[in-house]
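Just so it is clear, the values below take in all heavy atoms, side chains as well, and ignore hydrogens, waters and symmetry mates.
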Amino acid sequence: MQVVLVDAEKAYLDNLSDQLRSRLPDLEIIGCQTQEDLVSELAKPEKERLIYYNQADFPELADTINRLSPAICLPIAPSMIGQPTVVKNDPLTSKNAVWRHQAVSDFVKIILHWQKTVKSKQAGITCRVGVHFLFCADPSGYCAETSKSRLEKMLKEEQHVIYLPIMPTYLMRLICSAGTGNNLSDLLMHLACSDTPAIDLGHYLQPNPLGFLQFRPPDRSDDLVVCDTGTLRRLLTQVRNYVDSGDGRRTALVDCAGLPFASLSSIAVLCDSCEIIMPDGESFAAKSARSEISRLIADLPPSTRIIGIQKSIGDDHAT
């Protein structure tokens with residue numbers, strides 16, 4: 001768990017951070033002076049976060065946080081005028097939980113309440129259903145170990161996990177050989193010929209030894225890569241409908257590699273969560289990837305949960 005403080009005044013930020021660290025030694029306390037510092041922090045591996053931000057310095061920051069992280073976001077009011085009150089039953093629901101020069105003990109009370117709420121939630125965690133988008137923007141283009149770890153995590157939380165790799169077949173390292181039955185090439189052909197096809201996706205799925213359900217791979221390596229965006233959107237719509245019809249017992253991982261960004265955008269907007277593995281460094285490749293991904297994220301609907309991951313170039317495993 002992590003508490004992030006966002007304030008443009010370094011002296012105030014350092015003082016509050018030091019006092020909270022001394023009273024809450026088991027918590028990670030991070031201070032950010034700029035919005036760029038915060039965005040960089042939120043891009044790191046996902047964790048439970050509580051964010052306090054100075055309303056006067058960053059009046060629009062809550063919208064940015066909500067787009068990038070599932071963190072709880074509480075404003076720090078600039079003065080004692082109109083002193084905010086704390087909701088007794090649940091201070092985390094207060095829109096103005098603290099003012100800037102309120103006693104540190106009040107910050108601590110709210111943080112302790114938040115810790116207790118998070119631990120209670122984790123103890124009784126329920127399955128998260130939906131369609132999850134995964135894309136590696138590292139120059140390697142694909143990290144099978146990351147995809148495998150995501151599938152393993154999903155298998156622990158869900159009863160039925162559907163894996164759809166949208167990539168050339170030579171990158172499909174987690175797919176087993178096709179069994180007897182209709183495959184993705186057949187499905188794409190059917191989708192291309194009809195705007196509203198009647199399809200039972202179960203006819204295109206087969207068990208994988210790792211425990212999930214996979215689509216039988218296409219006949220040719222490029223069938224998915226060269227597919228037009230309209231057909232890809234219909235494919236994702238069918239996957240969404242199949243997941244939604246599972247009474248809360250299904251989820252899907254859409255694992256993308258080797259696609260144009262136009263295709264990636266058409267897929268990502270139809271997913272419930274979007275996870276992108278970002279490259280580190282200042283090389284042309286890294287800068288280009290970050291620029292394209294910023295455009296992709298900007299096109300996502302507000303309902304899409306965005307998960308950011310920093311990954312060093314050459315690292316074979318993302319946490």
Determine the minimum heavy-atom distance between A8 and D57, stating which atoms define it.
-> N-OD2, 3.1 Å
Find out whether L253 and F212 are in side-chain contact, i.e. whether some heavy atom of one side chain is under 4.5 Å from a heavy atom of the other.
-> no
What pairs meet the salt bridge (charged side-chain N to carboxylate O under 4.0 Å, His left out) rule with one or both residues in residues 204-225, with sequence neighbours excluded?
-> none
CE of M1 to CG of L50: how many Å apart, nearest 0.5 Å?
-> 10.5 Å
Using a 4.5 Å cut-off on heavy atoms from C-beta on, say whether the side chain of I111 contacts that of Y52.
-> yes
Where Y204 and H190 come nearest, the two heavy atoms and their spacing = OH-CD2, 4.4 Å
Using residues 255-270 as the side-chain source, report each donor-acceptor pair under 3.5 Å to any protein atom, sequence neighbours left out, with the distance given to one decimal.
{"unit_1": "D255", "atom_1": "OD1", "unit_2": "S147", "atom_2": "OG", "d": "3.3"}
{"unit_1": "D255", "atom_1": "OD2", "unit_2": "Y142", "atom_2": "OH", "d": "3.3"}
{"unit_1": "D255", "atom_1": "OD2", "unit_2": "S147", "atom_2": "OG", "d": "2.7"}
{"unit_1": "D255", "atom_1": "OD2", "unit_2": "Y163", "atom_2": "OH", "d": "2.6"}
{"unit_1": "S265", "atom_1": "OG", "unit_2": "F261", "atom_2": "O", "d": "3.1"}
{"unit_1": "S266", "atom_1": "OG", "unit_2": "S263", "atom_2": "O", "d": "2.7"}

Give, for atom CG of L5 and atom CG of L38, the distance between the pair rounded to the nearest 0.5 Å.
-> 10.5 Å
Residues 10-17 side chain polar contacts: donor-acceptor under 3.5 Å, at least two apart:
{"unit_1": "K10", "atom_1": "NZ", "unit_2": "D14", "atom_2": "OD2", "d": "2.6"}
{"unit_1": "Y12", "atom_1": "OH", "unit_2": "R100", "atom_2": "O", "d": "2.8"}
{"unit_1": "N15", "atom_1": "OD1", "unit_2": "Q19", "atom_2": "NE2", "d": "3.3"}
{"unit_1": "S17", "atom_1": "OG", "unit_2": "L13", "atom_2": "O", "d": "2.7"}

Can V239 and L164 be said to form a side-chain contact (heavy atoms from CB on, under 4.5 Å), step by step?
-> CA-CA 9 Å; V239 172; L164 173 59; 4.0 Å; yes
Counting N and O atoms only, with roles assigned by atom type, does the side chain of Q102 sit under 3.5 Å from a partner on the main chain of I76, one being a donor and the other an acceptor?
-> no
Would a hydrophobic clustering, with Ile, Leu, Val, Met, Phe, Trp and Tyr connected at side-chain separations under 4.5 Å, put I110 with L112?
-> yes
Applying side-chain hydrogen bond (donor to acceptor under 3.5 Å, both in side chains), name anything that partners E292, two or more places apart in sequence or on another chain.
-> R295
Please identify each residue that fulfils side-chain hydrogen bond (donor to acceptor under 3.5 Å, both in side chains) with S221, with sequence neighbours left out.
-> T169
How would you list, by chain and number, every residue that makes a salt bridge (Lys or Arg N to Asp or Glu O under 4.0 Å) with D18, sequence neighbours excluded?
-> R21
Would you check, one step at a time, whether the test side-chain contact (heavy atoms from CB on, under 4.5 Å) holds for E9 with N54?
-> CA-CA 10 Å; E9 185 181 328; N54 188 325; over 6 Å; no
On a heavy-atom basis, the closest approach of L224 and P165 is CD1-O, 3.4 Å
Who passes side-chain contact (heavy atoms from CB on, under 4.5 Å) against T180, sequence neighbours left out?
-> none
Residues passing the side-chain hydrogen bond (donor to acceptor under 3.5 Å, both in side chains) test with T34, sequence neighbours excluded, are D37
Quick one: side-chain contact (heavy atoms from CB on, under 4.5 Å) partners of D244, sequence neighbours excluded?
-> R240
For R23, what residues pass the side-chain hydrogen bond (donor to acceptor under 3.5 Å, both in side chains) criterion, not counting sequence neighbours?
-> none
Are N183 and D186 close enough, and set up right, to give a side-chain contact (heavy atoms from CB on, under 4.5 Å), and what steps lead you there?
-> CA-CA 5 Å; N183 62 24; D186 300 317; 3.2 Å; yes
Is there a donor-acceptor pair closer than 3.5 Å between any side-chain N or O of Q214 and the backbone N or O of N208?
-> no
Side-chain contact, heavy-atom cut-off 4.5 Å: I175 with F215?
-> no
Find the distance between NZ (K287) and CD (E282) and round it off to the nearest 0.5 Å.
-> 5.0 Å
Measure across L188 and C227 and return the closest heavy-atom pair with its distance rounded to 0.1 Å.
-> CD2-SG, 4.0 Å
Spatial distance of atom OG1 (T304) from atom CD1 (I297) [nearest 0.5 Å] | 10.5 Å
With the side chain counted from C-beta on, respond yes when W114 and L27 share a heavy-atom pair under 4.5 Å apart, and no when they do not.
-> yes
Pairing residues for Q2 by the side-chain contact (heavy atoms from CB on, under 4.5 Å) criterion, not counting sequence neighbours = V4, E28, I30, E41, K47, R49
Connected via hydrophobic side-chain network under 4.5 Å: V226 and I166 | no
Side-chain heavy-atom pair T231, R234 within 4.5 angstrom cut-off = yes
Which distance, rounded to the nearest 0.5 Å, do you find between the OH of Y170 and the CE of M172?
-> 10.5 Å
Atom of C271, atom of F133 and distance for their closest heavy-atom approach | SG-CB, 3.7 Å
Can you tell me if T251 uses its side chain to pair, donor with acceptor, with the backbone of G130 under 3.5 Å?
-> yes
Could I get the full list of side-chain contact (heavy atoms from CB on, under 4.5 Å) partners for S273, not counting sequence neighbours?
-> H132, R305
Given side chains that start at C-beta, do those of C143 and D138 come closer than 4.5 Å, heavy atoms only?
-> no
Please tell me if the side chains of N241 and L201 come closer than 4.5 Å, counting only heavy atoms from C-beta onward.
-> no
So CZ of R250 and CG of L213: to nearest 0.5 Å the spacing works out to 9.0 Å
Scanning both residues in full, the closest heavy-atom pair of Q55 with P75 reads CG-CB, 3.3 Å
Report yes if the side chains of V108 and L20 come closer than 4.5 Å at any heavy-atom pair, otherwise no.
-> yes
